[in-house]
Amino acid sequence: MTNELQRESAVRRWGKVLLSILYVVLLACVMAWLTGLLMGVIDAVRTTGTRSATVWFPYFDPTPVAQEPFRRYAAGTVPGMVEDLIQWNNMYFRGYTRFGSGLGFVIGAVYAATTFKFSRPGDRLPAVCVAGLISGARSMLMIASAPISAIAGGVICAVVAAGLAKVYAHDTRVPRMPLMDFNQR
Amino acid sequence: MSEVPTVEPPSEPTPPYQTKLSIESEPTEAGAHASAPAPESDRPVPSGAFQLQANPAALAKFAFGSAITIATVMVFQEVPALIASTSDFAHLLIRMVGLWLSAYLLFAVSVWAMFLVGGIVGGGILFDQEGIRLWRFGKKTLWRDVKAIGLDEHPVFSAFFFLRPNAQRIVFYVERRKKGKPPVLAGQVIPSFSFSQAEFGSLFGHACQRTFGFIPDSPKLYAFDQSALPDLRASHDKGFKKRILFTLIIAFGFVMVVGRTAGTNYFYNEGNARFARQDYEGARKAYVVATQINPVFPRAWDQLARSEFRLGRVADAKKHWERALQLRPDLVEAKSALANIAVRQADFYLARALLRKCVALQPRYLPGYMNLADLEIRTGNPRAAERSLRFVVKQEPNNLKAHQLFARAKLKEDDIVAARKILDNLPQPSTEAERQFGILVRAEYETQAGNFSTAAKLFDDLERAHQTSFEFYLERGKFNFRSGDNALALKDFNKAQELRPKDVWPAIYLAEMALVEKRDGDFADRMGNIINANVQDPAGLAYAAKLLMRSQKKDQAVDVVMRALQLDPYNEAAHDAVKSIMPGEQTSDD
């Protein structure tokens, strides 16, 4: 009976890990869309009345979009896939919405990775790594819009995020300071 | 302070995982821990030890509060720049609101994120029976060395950064001993903005209890050892003076940075407005001021060079574009402009390298593709030019200059029908420069098609509009030569040579004129000069080789065409020349 329960809980445990990864990716995308929209509106406000004014919804940015994007890496390879994602990101989020979506990706991924509930500290690691990967890759795109640097940034950030999660787990083993109520004294 | 209650550590470690960022937020499941190794959080911790992590909500409050001030200051520094580029007050106001919102969100979110990461890396405050450690990498301060503890409020700071309740700080006055010197009291500070009010007050209470053995009734007091009073006063005064000095330095630096940015932005935008009105001298003066205020602003150097270029001060423009590239090596606009100057100086190798770098750095930089196409047409690669132009036209179907260059490429390939088709379907020009360039390309077409009267009319139009550039004289010279007016052609080629002494084409056409007029000595001299000069233009060399072949000098023709292939092994004009000079010869292009 105990073994059966343990097996069941292991299934549940790994299910939660997968669910947490899905949650990180989904929340990152939703937040990217929302903050992209918000920044698009803000950009339209801040450029209003100028020659380079942003066009209102649905296209915030009047810059023409490349019909046939420039390719550096062959489709099917890892850099090629990342390049496709970058191209998609650049086409979907144009102008200032791109910056906003970048913030959203990072905020959404980090928030999702830190709020999902787990029974063991180690189970959080995959979600934290995915959040680090998304945040690092997207942040790197603000510096250089290239697949290799994005992959490198993502991997570095994932490692750093995993390290921070480990450090935080270590820190929180010490009991929290009890609060004093000065008003009742 | 009649009674001194003590705070006992809880018998079982309090679940530390109550904040949002905690690793474990749920009670553990029954079966899950049964067979698993003990997680790190179950390991024993020093007795009486507590930790206080940064509170994300408190950090957010500080980040979003201080962002109000920072965003407002940033907007005010941008106002001069907005005035220069906005037509009326209502739009100015709306733009200021947009700018403020954007600055506010950007600053608040970035600062909050930095604080959160900093909080995790810093590791929070840890204290036990022995002493307190303010952050992970800090040295533990022993309670017995703490001679005084105070809690200060900062109403001015709080008002400036919209913090409610007022920001506070706990100061530990710690006795420091150095060899051969009397002990001094040094202040160690914990600011309140990382914690909630209750957490911060409790921290103060715990510190008082551990140091002096009592818990204060209120968090607003100074607790000290009587013997340390004189030193405490001196240390407190010293700390106060340091804070004032630090605040003054920060304020001065802030004003300088804000003022400098405001000034730079104003003059840069003023320059842009004048540049758009084609007041290039006015724009140049504004950009000069912008670069004087901020000498490390590459865009201002780039625009200064652009204004100088339009005023005909090419040497100054070159110098300033190079300065812009020193400051920002990936500024494609400056690279593209320097390539343009290199073309004027017939340094096609440098021009091609710069333009290829431009499109590699910014694969969607269409002016880079257009300049590259122009260069390819000049240097005898019209089909390569067409590839770049097709990309441009795909992105911008109404790009007139691209269509005009396309027609030119077709003319270079002697495809007159295709050139005519393009020229008959050109979009409307939106600027005078586009219109004039269109007339020049049309005149080239009419010359090549043998419609000399139409071509003459078009060249007259250009001359009346004072569009008398190097290209104008070269193309009119070709027209006059083809239409049989060699005297006028000679004048035009000489004028073109005067405008660009390093360009080989006027010399080649003058040599061709000598060949046609059967002035063999003059032809030999002119060709000798071309061969001995350090010519970088493969198309020019290929054409010169064809002329040598026409004058029955095959050996020299072969040498010259080989030089063209050395410069550019895939040059289309050079390969065509090889086919005409050595009909049975296979080239690497075939």
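Here is the naming used below: chain letters follow the sequence lines, and residue numbers restart at 1 for every chain. Bear in mind the structure is a predicted one, so any value in this text is a computation, not a measurement.
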Nearest 0.5 Å, what's the CZ-CD distance between R176(A) and E199(B)? 5.5 Å
Contact class of I42(A) relative to chain B, heavy atoms under 4.5 angstrom: both
Nearest 0.5 Å, what's the CE-CG distance between M39(A) and L106(B)? 6.5 Å
Is S202(B) close to M177(A) at the side-chain level, that is, under 4.5 Å between some pair of heavy atoms? yes
Go through the atoms of L126(B) and report whether side chain, backbone, both or neither lie under 4.5 Å from a heavy atom of chain A. side chain
More than 12 heavy atoms of other residues, nucleotides or ligands under 6.0 Å from CE of M74(B): yes or no? no
Could you walk me through whether V167(A) and V121(B) pass the side chain to side chain contact (heavy atoms under 4.5 Å, CB included) check? CA-CA 8 Å; V167(A) 161; V121(B) 174; over 6 Å; no
Tell me if a side-chain donor or acceptor on R95(B) pairs with a main-chain N or O of R46(A) at a distance below 3.5 Å. yes
Answer yes or no: is there a donor N or O on one side and an acceptor on the other, between the side chain of H206(B) and the main chain of L179(A), under 3.5 Å? no
Testing V106(A), T35(A), I107(A) one by one against V109(B) for a side chain to side chain contact (heavy atoms under 4.5 Å, CB included), which residue passes? I107(A)
Locate the shortest heavy-atom distance separating P175(A) from A49(B); write the atom from each residue and the value. CD-O, 3.7 Å
Non-hydrogen atoms of chain A under 4.5 Å away: do they reach the side chain of L105(B), the backbone, both or neither? side chain
Taking all heavy atoms of I94(B) and all of V45(A), pick out the closest pair and write down the distance. O-CG1, 3.2 Å
Between S102(B), G123(B), G124(B), which has the largest tally of heavy atom pairs under 4.5 Å with chain A? S102(B)
For W100(B), look at atom CH2 and say whether over 12 heavy atoms of other residues, nucleotides or ligands are found less than 6.0 Å away. yes
